[in-house]
Student: 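One structure is given below, represented as C-alpha cells, and several questions about it will come after.
Each ligand, and each atom within it, is numbered from 1 in the order the structure gives. Quantities reported herein were computed from a predicted structural model and do not represent experimental measurements.
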Amino acid sequence: MTATWWQRSTVYQIYPRSFNDSNGDGVGDIPGIIEKLDYLVDLGIDIIWLSPVYQSPNDDNGYDISDYYAIMSDFGTMEDMERLIAEAHKRNLALIMDLVINHTSDEHPWFREASTSRSNPYRDFYIWRSGDEGPPSDLRSVFSGSAWEYDAKTDAYYFHLFSRKQPDLNLHNQDVRQKIYEMMRYWLEKGINGFRMDVIDLIGKEVDRGIIANGPKLHEYLQEMNKEVLAPYRDAIMTVGETPSVDPEQAKLYTRPDRHELDMVFTFEHMSLDEVAGEGKWALKPLDLRDLKQVLSKWQTALHKEGWNSLYWNNHDQPRIVSRWGDDTVYRVKSAKMLATVLHLLQGTPYIYQGEEIGMTNTTFNNSEDFKDIEMINMYHERIEQGDDPADIMASIQAKGRDHARTPMQWNDGHEAGFTTGEPWMKVNPNYREINAEAAMRDPESIYHYYKQLIQLRKNYEIIVHGSYQLVDAEHAEVFAYVRTLGSEKLLVVANFYTGEPHFEWPEELRELTTDILISNYEDPPGGQKDIKLRPYEAVVYLLNPVTSQC
Ligand code: NOJ
C-alpha cells in the first residue's frame with residue numbers, strides 16, 4: 001500500500017511570536033526559527049506549520065492580516081521568509097503557512113476602501129447590512145459581544161465572527177475569491193508546501209439565513225480553489241482545514257480524495273469533552289475517559305479509507321495537554337508520554353505543538369493584567385460586567401485560556417529560558433529551569449526522546465499508517481486500549497489515563513499471538529497476555545504477529 005507523503009509525516013506547529021527571538025526585542029522571529037531548524041530535524045518531524053507571519057496590527061496575534069504579501073516587521077522581512085523556506089527545504093522539511101481568508105484585519109486596504117462609502121467597489125468584499133433598530137441579527141462573535149459592528153460613516157453594520165478588527169470577507173463575491181487565489185499562487189510560487197486553512201468551514205456562511213458553518217456553497221468553493229490554485233502543485237503540497245464544526249460525515253466531504261478539496265481536517269469534538277455540552281468552552285466539566293474513547297473511535301472508524309484526519313492534543317488555542325488531561329506535577333513525564341502514545345498510534349497525521357515535545361505545562365494567571373489574548377480579555381470583561389464571580393471566571397481561564405499555549409518556548413535554564421536576550425512579550429513559565437529543551441535533549445528518558453521514537457515508528461510501520469482500528473473495552477473508565485490491524489499483523493495499545501493501578505484484560509483472540517513490545521513509558525512493561533495490572537499513566541504498545549512489514 002502506498003501512502004501519500006503527508007500520511008506518514010509528523011507536523012510541528014510554530015507560533016512565531018513565542019518560538020525563538022533572535023534580536024533581543026522580546027518577540028520571536030523568522031531568523032529565530034531558522035536557528036532552530038536543526039532542533040526540528042533532530043526531533044524527526046517532516047513538516048512545519050507556521051502560524052501567521054503576515055503583516056498585521058496584531059489584534060489577534062497575526063490572525064488579523066492587513067497585507068497578505070508582506071511579513072510582519074516584528075518577525076523579519078520577506079528575505080528572511082525566503083531564507084526560511086530555502087533552509088527548511090535544505091533539511092528536507094516541508095513548510096506550510098496559515099491561510100486566513102475568513103476575515104482580514106480592518107486595517108487591510110480592502111476594508112479601508114470598503115468603509116469609505118456604500119458605493120465603493122470594495123464594499124461587497126465584506127458583509128454589510130443596515131439596521132435601523134440595532135444590529136441586523138443577534139449572531140454573536142466568538143470573542144464575545146455582537147458579531148455586528150456599527151460603522152457611523154456609512155450608517156451600516158459589518159459582520160465579524162471574531163474581533164471587530166477582523167471583518168469577515170464575503171467569499172460569495174467572485175472577485176474576493178480570485179484575489180485570494182492570486183495570493184495563494186504567490187506563496188506557492190515561493191515554494192511553500194501547502195496551507196493550514198483557518199476556520200475554513202465558515203467561508204460559505206449565509207448570515208441572512210443564520211447559516212455560519214458548512215454553508216451550502218462551501219464545497220463548491222473548495223473545489224474551485226483546487227482547480228484554480230492547488231491542482232498543479234498536488235504532489236508537492238498538503239492542505240489541512242481547521243473545521244471546528246464538522247462531524248465525520250462532513251469530514252468525508254472535505255477530505256475524500258476523489259472530491260479534490262482538502263487533504264485532511266482538524267476535528268474538534270474531542271476538544272470539547274471537558275465542557276458542559278452546548279455551553280461553550282468556558283463551562284467546565286471533568287473529562288470522562290469513556291467519552292474520549294467513544295469520540296476518537298468514531299472518527300477513526302468513519303474516516304478509515306474514506307478521508308483523513310489530523311491528530312492533535314495541542315495547538316495555540318488550547319491549554320497544554322499535560323496539564324489538561326495528564327498530571328503536570330509528579331507524573332508529568334509519564335503522563336505526557338502516555339498521552340503521546342495514545343495519539344501517535346492512531347490513524348491520521350500527528351501534529352506537535354511547540355513545547356509539547358518537552359512536556360511544557362500551563363502557566364498561572366495571577367490576575368487579568370497577565371492576559372495577552374483577546375479572547376480571554378474580552379470574555380473576562382464581558383462576564384465582569386454581567387456580574388459573574390471573578391473567581392469563577394479566573395477558574396475557567398486557568399483551565400482553558402489560550403495564553404497557556406503562548407508562553408515562550410523553553411529552550412534552556414538561562415535568561416528567560418533562552419527565548420530572548422531581552423524582555424519577553426509574555427512571561428516565561430517559571431518552571432523553565434526544570435522543563436527546557438536542552439535538559440530534555442540531554443536526558444535519554446525524557447519526553448523529547450520518547451516523541452522521537454514515536455515519530456520514527458510511524459515511518460517504519462505500515463500498520464500505524466494504514467491499519468484498521470478497533471476499540472477494546474469501551475466501558476473501562478481508566479484504560480484506553482485499541483487494536484490496529486493490517487493483514488495478519490496487529491498492534492495493541494494499552495494506556496492507563498490516571499494514577500490508579502487498574503487491571504486490563506487482553507482480548508481473547510489476541511492471547512495466543514507472538515508479541516513484541518514496540519514502545520512503553522515504563523522500562524519493564526507487563527508481559528503475560530491475559531490480565532495485566534497497569535501502573536500510574538502506564539502506556540504500552542504491543543506488536544502481535546509481527547511480519548516484516550516495515551516500510
Ligand atoms: C482560529 C485560530 O486558530 C485562532 O487562533 C484565531 O483566533 C481564529 N481562528 C480567528 O482567526
Side-chain angles (χ1 to χ4, degrees), residues 11-19 28 49-68 72 96-108 111 126-127 139-145 147 149 158-169 171 180 183 195-205 212-214 239-246 262 264-268 270-272 280-282 310 312-320 351-354 356 371-380 397 400-407 426:
V11 184
Y12 188 92
Q13 184 193 350
I14 292 181
Y15 194 67
R17 184 159 289 272
S18 303
F19 190 61
W49 153 25
L50 192 61
S51 276
V53 290
Y54 314 93
Q55 187 173 300
S56 158
N58 264 319
D59 191 53
D60 185 20
N61 282 352
Y63 282 91
D64 49 318
I65 297 168
S66 53
D67 186 349
Y68 290 103
M72 193 190 303
I96 68 172
M97 288 180 84
D98 232 293
L99 181 77
V100 188
I101 57 172
N102 176 68
H103 43 267
T104 65
S105 162
D106 65 340
E107 297 182 34
H108 192 289
F111 190 77
Y126 296 88
I127 303 168
L139 286 168
R140 286 185 48 87
S141 154
V142 175
F143 292 163
S144 303
E149 183 73 10
Y158 65 86
F159 186 75
H160 61 91
L161 260 181
F162 296 91
S163 99
R164 61 196 158 78
K165 286 186 66 61
Q166 291 168 298
D168 280 43
L169 282 166
L171 272 288
I180 287 169
M183 176 270 288
F195 296 101
R196 175 270 187 186
M197 302 187 183
D198 192 62
V199 285
I200 201 70
D201 56 342
L202 306 183
I203 64 167
K205 71 179 75 68
I212 301 299
N214 301 308
T239 54
V240 50
E242 189 203 23
T243 52
S245 65
V246 303
L262 301 175
M264 64 185 103
V265 287
F266 286 115
T267 68
F268 277 67
H270 66 302
M271 286 283 111
S272 57
K281 76 183 254 185
W282 305 113
S310 37
Y312 73 98
W313 290 133
N314 287 282
N315 59 42
H316 63 294
D317 296 329
Q318 301 293 339
R320 295 280 179 183
Y351 285 66
I352 299 171
Y353 178 68
Q354 65 187 42
E356 175 184 339
F371 305 166
K372 299 282 185 201
D373 170 30
I374 182 162
E375 183 188 39
M376 288 163 49
I377 294 171
N378 287 0
M379 174 282 225
Y380 183 83
I397 285 177
K400 292 287 189 65
R402 304 197 299 181
D403 276 347
H404 286 303
R406 301 171 181 189
T407 62
M426 189 181 187

Student: Test salt bridge (charged side-chain N to carboxylate O under 4.0 Å, His left out) on Asp373 and Arg402; report intermediate values, then the result.
Tutor: CA-CA 7 Å; Asp373 170 30; Arg402 304 197 299 181; 2.8 Å; yes
Student: I'd like to know if Arg196 contacts ligand 1, where contact means a heavy-atom distance under 4.0 Å to any ligand atom.
Tutor: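 Contact check Arg196 vs ligand 1: positive.
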Student: Among Leu202, Val199, Asp198, which one puts a heavy atom closest to atom 1 (C) of ligand 1?
Tutor: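 Closest candidate by heavy-atom distance is Asp198.
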Student: Will you find, in the side chains of Tyr68 and Thr104, an N or O donor that is under 3.5 Å from an N or O acceptor?
Tutor: no
Student: Who passes side chain to side chain donor-acceptor pair (under 3.5 Å) against His270, sequence neighbours left out?
Tutor: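 Result, side chain to side chain donor-acceptor pair (under 3.5 Å) vs His270: none returned.
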Student: Return the closest protein heavy atom for atom 8 (C) of ligand 1 as residue, atom name and distance.
Tutor: Phe162 CE2, 3.8 Å
Student: Who pairs with Tyr54 by side chain to side chain donor-acceptor pair (under 3.5 Å), at least two apart in sequence or on another chain?
Tutor: none
Student: With side chain to side chain contact (heavy atoms under 4.5 Å, CB included) as the test, pick out the partner of Asp64 among Pro52, Pro57, Pro167.
Tutor: Pro57
Student: Would you mind running through ligand 1 and noting each atom that sits below 4.0 Å from a heavy atom of Phe143?
Tutor: 7 (O)
Student: Check Asn315, Ile96, Asn314 against Gln13 for a side chain to side chain contact (heavy atoms under 4.5 Å, CB included) and give me the one that passes.
Tutor: Asn315
Student: Run the numbers for me: atoms of ligand 1, each under 4.0 Å from some heavy atom of His103, listed by number.
Tutor: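 Listed by number with element: 10 (C), 11 (O).
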Student: Can you tell me if Glu375 contacts ligand 1 (heavy atom of the residue under 4.0 Å from the ligand)?
Tutor: no
Student: Identify the protein heavy atom lying closest to atom 6 (C) of ligand 1, giving its residue, its atom name and the separation to 0.1 Å.
Tutor: Asp60 OD2, 3.3 Å
Student: Quick check, are the ring centers of Tyr126 and Phe111 under 6.0 angstrom apart?
Tutor: yes
Student: Using a 4.0 Å cutoff against the non-hydrogen atoms of Glu242, which atoms of ligand 1 qualify?
Tutor: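 Here the atoms of ligand 1 in question are 1 (C), 3 (O), 9 (N).
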Student: Which atoms from ligand 1 have a heavy atom of Asp317 less than 4.0 Å away?
Tutor: 1 (C), 2 (C), 3 (O), 4 (C), 5 (O)
Student: Just jot down the ligand 1 atoms closer than 4.0 angstrom to any heavy atom of Arg402, in number order.
Tutor: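 So the atoms of ligand 1 that pass are 4 (C), 5 (O), 6 (C), 7 (O).
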